[in-house]
Amino acid sequence: FFFGTMNTDALLCPICQCKLLQANTAQLVEQQVEMMVGKDESKTFGRWWKVDDMMKFHNIGFSRAIQGSGMRYLTCPDCEKDILGYNVVSNTKEYFLCADRVQEGGTSKPPISLSPAVVDMIKSGGGEPPSDAQ
């Protein structure tokens, strides 16, 4: 990928495969930013997927503002296992996912498979599932 290009594939959590962004919703930018990678460890990263609107995320989790930094971290909302990016709290037009900490392409988690009996129960408006529903 070249800086300035858009993501051509979806961006996924590398741990649980949750879809974070659809294709063509983020621009690759270069900037040196230090970010936590462990409880007491930080690392500087230089390649970031920049998202210009919070509503473009398919799924994303936000930490509270980090005291004294004005930043909050972005994480996977499903597994919450890793810091994947950041946002400067005062800037609601720039969100950054670290290109080295997300998975490009591939497929996200498959949809949940429901038995036909449970699908029928949902379509009918609820009630108890039949005793043979799985």
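Below, each value reflects all heavy atoms present in this structure, side chains not excepted, and no hydrogens, waters or symmetry copies.
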With a 3.5 Å cut-off and sequence neighbours excluded, list the donor-acceptor pairs that the side chains of residues 28-42 form with protein atoms.
| from | atom 1 | to | atom 2 | distance (Å) |
| --- | --- | --- | --- | --- |
| Gln31 | NE2 | Tyr86 | OH | 2.8 |
| Glu34 | OE2 | Ser42 | OG | 2.4 |

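- At a threshold of 4.5 Å between non-hydrogen side-chain atoms, the residues Pro77 and Cys18 count as touching.
- Taking 4.5 Å as the limit, every side-chain heavy atom of Tyr95 sits out of range of all side-chain heavy atoms of Lys50.
- From Glu80, atom CD reaches atom OG of Ser63 across 10.5 Å, with rounding to the nearest 0.5 Å.
- Using a 4.5 Å cut-off on side-chain heavy atoms (C-beta onward), Trp49 and Leu20 make no contact.
- Put simply, the side chain of Gln27 gets close to the backbone of Gly4: a donor and an acceptor are under 3.5 Å apart.
- Heavy-atom neighbours of Lys56 NZ from other residues, nucleotides or ligands within 6.0 Å: above the threshold of 12.
- The closest side-chain heavy-atom distance from Leu12 to Gln17 is below 4.5 Å.
- Hydrophobic clustering places Val51 together with Leu84 (ILVMFWY residues linked when any side-chain heavy atoms are closer than 4.5 Å, directly or through intermediates).
- Judged purely by atom type and a 3.5 angstrom limit, Asn7 uses its side chain to pair as donor or acceptor with the backbone of Asn24.
- Atom CG of Leu11 and atom CD of Gln103 lie 9.5 Å apart (nearest 0.5 Å).
- We find the CG-CZ distance between Asp100 and Arg47 to be 5.0 Å, quoted to the nearest 0.5 Å.
- Distance CG/Asp52 to OG1/Thr25: 9.0 Å, rounded to 0.5 Å.
- The SG atom of Cys76 sits 13.0 Å away from the CD1 atom of Ile83 when rounded to the nearest 0.5 Å.
- Grouping the Ile, Leu, Val, Met, Phe, Trp and Tyr side chains by contacts below 4.5 angstrom, directly or via other members, places Phe57 with Val102.
- Closest non-hydrogen pair, Ala65 versus Val89, comes out as CB-CG2, 3.9 Å.
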Going by atom type alone, with no hydrogens or angles, which donor-acceptor pairs under 3.5 Å involve a side-chain atom of residues 66-75 and a protein atom two or more places apart or on another chain?
| from | atom 1 | to | atom 2 | distance (Å) |
| --- | --- | --- | --- | --- |
| Ser69 | OG | Ile66 | O | 2.9 |
| Ser69 | OG | Met71 | N | 3.0 |
| Arg72 | NE | Asn87 | OD1 | 2.9 |
| Arg72 | NH2 | Asn87 | OD1 | 3.3 |
| Thr75 | OG1 | Asp82 | O | 2.7 |

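- Here the shortest heavy-atom pairing between Leu21 and Ala26 reads CD1-CB, 3.8 Å.
- Sorted pairs that involve residues 13-39 and meet ring pair (Phe, Tyr, Trp, His ring centres under 6.0 Å), not counting sequence neighbours, are lacking altogether.
- Gly85 approaches Trp48 most closely through the heavy-atom pair CA-CZ3, 4.2 Å.
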